[in-house]
Protein chains: 2
Amino acid sequence: MSYRGGVADTPAQPRRPRRSPGAGERQRDPERTKARILDAAKAEFGAKGFAAARISDIADRAGVNKQLISYYFGGKEGLYTELADRWRETSAAMARPEAPLDAVVAGFVMSTVHDWDWARLMAWVNMSGSAEQTPASEAEAQFMRAQVTELKNRQAAGEIPADLDPGCLLLALFAAASATVTLPRIAELISGADPQSATFTSRYAEQLALLVRHLQHPA
Amino acid sequence: MSYRGGVADTPAQPRRPRRSPGAGERQRDPERTKARILDAAKAEFGAKGFAAARISDIADRAGVNKQLISYYFGGKEGLYTELADRWRETSAAMARPEAPLDAVVAGFVMSTVHDWDWARLMAWVNMSGSAEQTPASEAEAQFMRAQVTELKNRQAAGEIPADLDPGCLLLALFAAASATVTLPRIAELISGADPQSATFTSRYAEQLALLVRHLQHPA
DNA sequence: TCCATAATCATCCAGTGGGTTGATTATGTC
DNA sequence: GACATAATCAACCCACTGGATGATTATGGA
């Protein structure tokens, strides 16, 4: 038995066997091609992680010659960092300032439904990234600090128990909200349902929100 | 720049250049050798995950010829499953029945200090394992179910709010307790400290325990 | 002491996978 | 229409990696 990368690949596009020009459709369209490669890469990297992902698989999924990955992104590593960078930007932009905390957490959980691959990619980046390796962009640190002060404000406003350290709380909430993605097997074992499914995810999101509310207003 | 596996390798043994017989020490000792290989594998797999780990690195770290990995464990995959199996047994045995919940959670967090590699391995297994791939041993499922009923009991005893689903709560606690291992980069960003360090880990453990207590007794 | 066998090693082998090369075909412009 | 250039592809290359082979040495028993 050869090792197959983790978690079933996302069904994804029906994977047309060969792209036929299609009336009115350009047959050379660098933007489209790049987008396709990025999508495919997101799916593959998300499913298997960097090391286990194969650029030929990515190319196949994108319906494109694998050389284009070098051509556009400078190889596997370039493609990966491109995606990682985009994720950082996205997550930095994701800072929703003044929603209730339980809603923020639940929303984060739910976001994994719409973009499972993206969430998985985040998880891989976090799991395998160390400080020396990828120096954690200043923007990223900024974002985290902002989130911490966010929590601190909520704490000052009495939304959160005063004796909890905002940093640790943030970390815990982050981890809990990522649970379906980072611990899919346990999630499945516990719930009996597919951790990717909307039904389970929304239930879990709701429960987490409830938990947060319990922290806020005494039970 | 070639991709280096995630998270700095554990310092580990000083990696003796060549094992010299050493007075009174057997120079052929299969048990010792196997143990060394397992330790090295745990460290390598833990640091980089299955796909990125190299059996030659494992062999080097163990100070042993790489062929012995095939000899004793039937290759890379066999070695990995061996470790994964051991982890499952260990974690199944880890079921401490009647400690207070906050202590259980804190203890789980603290366990990552003494055996970081092991915790990382767990994280990789969970992250990359899907149901089809490794059918989640019955024992494993049993263990999880047991934990859930454990929580249910605590809930019945009024330790936990009645409206929380025990399964979801377990998942959330599990994820939160694994945070330093599964999200080391975020942990580092938030705390400014090394997520592997005992100081940070114990602080985080304490905070999580506090959080659990807040769930139990209204703030 | 000698032998059978287990343990260990150095070396080789073949498959894989990422990357490169050079050719080919669109596309836009003059 | 012709040309320059961008986009795309098929084929090849070679480093790496996991595993296999066969030799060698220790160990324990007869």
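Every chain is numbered from 1, with letters handed out A, B, ... down the list of sequences.
- To the nearest angstrom, C1' of D:dT8 lies 13 Å from CD1 of A:Ile69.
- Where B:Lys66 and A:Arg54 meet DNA chain C, the nucleotide closest to each residue was compared, and B:Lys66 sits on the side nearer the 5' end.
- The B:Gln67 side chain lies nearest to D:dA20 when the options are C:dG19, D:dA20, D:dC9.
- In this structure, B:Lys48 places its NZ atom 10 Å from P of D:dG18, rounding to the nearest Å.
- Atom-to-atom, CD1 of B:Ile58 to C1' of D:dT17 comes out at 12 Å; the value is rounded to the nearest Å.
- Both A:Glu31 and B:Ala53 lie close to DNA chain D; mapped to their nearest nucleotides by heavy-atom distance, the more 5′-ward contact belongs to A:Glu31.
- If you measure from atom CZ of A:Phe73 to atom P of D:dT8, you get 11 Å, rounded to the nearest angstrom.
- The interatomic distance linking B:Asp29 (CG) with D:dT25 (P) rounds to 20 Å, in whole Å.
- Ring planes of B:Phe45 and B:Tyr80: perpendicular class, angle over 60° (limits at 30 and 60°).
- Summarising the geometry, the separation between CD1 on A:Ile55 and C1' on D:dC13 is reported as 14 Å, rounded to the nearest angstrom.
- Contacts of B:Phe174 classified as ring-ring contact (aromatic ring centres under 6.0 Å, His included), with partners at least two apart in sequence or in another chain: B:Phe108.
- Between the side chain of A:Arg120 and the backbone N or O of A:Val181 there is at least one donor-acceptor pair closer than 3.5 Å.
- When distances run from any side-chain atom of A:Lys76 to the nucleotides C:dG19, D:dT8, D:dT21, the shortest one goes to C:dG19.
- Note on B:Ala59: nothing from the nucleic acid sits closer than 4.0 angstrom, heavy atoms only.
- Taking side-chain N and O atoms only, A:Thr33 has no distance below 4.0 Å to OP1 or OP2 of D:dA7.
- A salt bridge does not link A:Asp60 with A:Arg54: every distance from a Lys NZ or Arg NE/NH1/NH2 to an Asp or Glu carboxylate oxygen is 4.0 Å or more.
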(message) How would you summarise protein contacts on nucleotides 1-6 of chain C per nucleotide, using B for base, S for sugar-phosphate only and - for none, with heavy-atom distances below 4.0 Å?
(response) -----B
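- Ion pairing of A:Lys42 with A:Asp115 is present here, as a side-chain N (NZ or NE/NH1/NH2) and a carboxylate O approach within less than 4.0 Å.
- Rounding to whole angstrom units, CD of residue A:Glu77 and P of C:dG18 are separated by 12 Å.
- Outside the 6.0 Å centre-distance limit, the rings of B:Trp124 and B:Trp118 are not counted as a close aromatic pair.
- For B:Asn65 against C:dA10, a side-chain N or O and a base N or O form a donor-acceptor pair under 3.5 Å.
- With B:Ser197 contributing its side chain and B:Phe200 its backbone, the two residues share a donor-acceptor pair below 3.5 Å.
- When the C1' atom of C:dG17 is taken as reference, atom CZ of A:Phe45 falls 13 Å away, rounded to whole Å.
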